[in-house]
Amino acid sequence: MNFRNIVVPLAAVGGLVFGFVSYGWPGVAAVGGGLMMWALLHFTRLMNVLKKAADRPIGHVGSAVMLNAKLRPGVNLMHVVAMTRSLGQLLSDDGAQPELYRWTDGTRSFVTCEFKNGKLAKWELVRPVQEEEVPQAPAPVAEVPPAP
């Protein structure tokens, strides 16, 4: 169970009660204003992240290797979308847990991320197999006569 779903509303109600007990209705207004500011800051950040992601193709990232290096367990999906500036390509069914998203770069390398309850649980970087270069014989060099 996610205790954050219980603790945050209880802390908000506790703050409102504390404001009322300490300062009356002006205290409730002050605590309510602080809670409203906190909610608006989170909403503004979410809108900015989604606005930047709207201009990019779904599931595209500049470098899958760099994304792999920046990922940490426990970060939320919005943080990963902010890092990639792109919505991930959803691989799992809607509403299924865990959620699987994929970001691919221009070299066909991709990072597949697994989110459990909105938090990054694990991820995997896959790089395409490079075809081995066949060494070619050096091109013949034409001899140029020395200048007089």
Side-chain angles (χ1 to χ4, degrees), residues 1-139 141:
M1 177 176 200
N2 191 355
F3 289 107
R4 196 177 288 183
N5 293 339
I6 297 171
V7 173
V8 171
L10 284 178
V13 170
L16 290 170
V17 169
F18 176 76
F20 181 76
V21 170
S22 299
Y23 301 102
W25 289 111
V28 171
V31 172
L35 291 172
M36 183 61 70
M37 180 63 75
W38 177 75
L40 287 173
L41 285 171
H42 283 282
F43 180 76
T44 302
R45 180 166 188 259
L46 175 66
M47 289 297 109
N48 284 333
V49 167
L50 292 178
K51 182 179 174 184
K52 290 177 184 176
D55 297 334
R56 305 269 308 258
I58 291 178
H60 180 75
V61 67
S63 173
V65 175
M66 290 303 294
L67 174 61
N68 180 57
K70 290 180 184 179
L71 290 175
R72 299 286 175 257
V75 299
N76 59 17
L77 178 60
M78 186 177 77
H79 185 78
V80 177
V81 170
M83 281 193 302
T84 61
R85 293 191 178 109
S86 171
L87 298 174
Q89 178 186 4
L90 182 62
L91 301 178
S92 59
D93 295 332
D94 286 340
Q97 287 293 327
E99 296 174 314
L100 296 174
Y101 290 93
R102 177 176 290 167
W103 284 271
T104 308
D105 65 6
T107 64
R108 295 189 325 239
S109 298
F110 59 87
V111 177
T112 303
C113 298
E114 180 179 314
F115 292 89
K116 291 182 181 175
N117 297 321
K119 301 288 184 181
L120 183 61
K122 61 182 177 178
W123 65 94
E124 178 185 14
L125 170 68
V126 176
R127 299 179 81 178
V129 177
Q130 300 289 334
E131 296 179 14
E132 293 188 31
E133 296 180 12
V134 178
Q136 297 178 355
V141 179

* Which pairs with one or both residues in residues 88-107 pass salt bridge (charged side-chain N to carboxylate O under 4.0 Å, His left out), sequence neighbours excluded? -> none

* Within the distance-only criterion (no hydrogens, no angle test), does the side chain of W123 pair as donor or acceptor with the backbone N or O of V111 below 3.5 angstrom? -> no

* To do: Give a yes or no on whether L90 atom CG has more than 12 heavy-atom contacts from other residues, nucleotides or ligands under 6.0 Å away.
  => yes

* To do: Working to the nearest 0.5 Å, report the span between CD1 of I58 and OG1 of T104.
  => 12.0 Å

* **Heavy-atom side-chain proximity of V126 to T112 below 4.5 angstrom** => no

* Answer whether the closest heavy-atom distance between the side chains of L67 and M83 falls below 4.5 Å. => yes

* Structure fact -> Scanning both residues in full, the closest heavy-atom pair of Q97 with N117 reads OE1-N, 3.0 Å

* Asked: Does the separation of the ring centres of W103 and F110 fall below 6.0 angstrom?
  -> no

* To do: Supply the atom-to-atom distance T84 OG1 to H79 NE2, rounded to the nearest 0.5 angstrom.
  => 10.0 Å

* To do: Tell me, yes or no, whether the heavy-atom count around M37 atom CE, taken from other residues, nucleotides or ligands under 6.0 Å, exceeds 12.
  => no

* Asked: Taking all non-hydrogen atoms of both residues, which atom of V28 and which atom of F20 are closest, and how far apart?
  -> CG2-CB, 3.4 Å

* Report the residue from V80, L77, L87, L91 that forms a side-chain contact (heavy atoms from CB on, under 4.5 Å) with Y101. => L77

* Asked: Any salt bridge (charged side-chain N to carboxylate O under 4.0 Å, His left out) pairs touching residues 116-130, not counting sequence neighbours?
  -> E114-K116, E114-K122

Solution key, residues 49-57 side-chain donor-acceptor pairs under 3.5 Å, sequence neighbours excluded:
none

* Return yes if some donor-acceptor pair links the side-chain N/O of S86 with the main-chain N/O of V61 below 3.5 Å, else return no. => no

